[in-house]
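Worksheet: the structure to be examined is printed underneath.
Hydrogens, waters and symmetry mates play no part in the numbers below; they use all other heavy atoms, side chains included.
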Amino acid sequence: MKTVNMHQAKTNLSRLVAAAANGESFIIARAGKPLVKVEPIAPEGSRRLGFLAGQGAVPDDFDSIGAEAIKEAFSQ
């Protein structure tokens, strides 16, 4: 990951922001000490809901799996 000093960031802000928007995160430092990390934000609606749909199954007895062991652990 690229690190730029504060002066470079001020001078090249437009270029750095364009690169970050394309996925190239960078760190801004002052006197060699990292201060902030700049990275792109996910665009609205980019969540991948349902991308694992149909890939797994929940057994019918899911709610009772391990019930005996739990009952034993709490009945002592």
Please name all residues satisfying side-chain hydrogen bond (donor to acceptor under 3.5 Å, both in side chains) with N5, sequence neighbours left out, ordered by chain then number. none
Approximate separation, where rounding is to 0.5 Å, of H7 NE2 and I28 CD1: 13.5 Å
Tell me the closest heavy-atom pair linking L16 and Q8, and the distance in Å. CD1-O, 4.2 Å
Could you pull out the closest heavy-atom pair between G23 and P40, with the gap in Å? CA-CG, 3.9 Å
Any side-chain heavy atom of M1 within less than 4.5 Å of one from K37? yes
Has D61 got more than 12 heavy atoms of other residues, nucleotides or ligands less than 6.0 Å from its CG? yes
Can you find a pair of side-chain heavy atoms, one from P59 and one from I65, that are under 4.5 Å apart? yes
Before giving the answer on side-chain contact (heavy atoms from CB on, under 4.5 Å), spell out for F26 and V4 the whole-Å C-alpha distance, their side-chain angles and the decisive distance to 0.1 Å. CA-CA 7 Å; F26 64 94; V4 297; 3.9 Å; yes
With a sphere of 6.0 Å drawn around CD1 of I41, does it hold more than 12 non-hydrogen atoms of other residues, nucleotides or ligands? no
Would you say V36 and V17 are hydrophobically clustered, going by side-chain heavy atoms of ILVMFWY under 4.5 Å? no
I need the I27 CD1 to K33 NZ distance, nearest 0.5 Å. 13.5 Å
When rounded to the nearest 0.5 Å, the distance separating NZ of K71 from CD of E68 is 5.0 Å
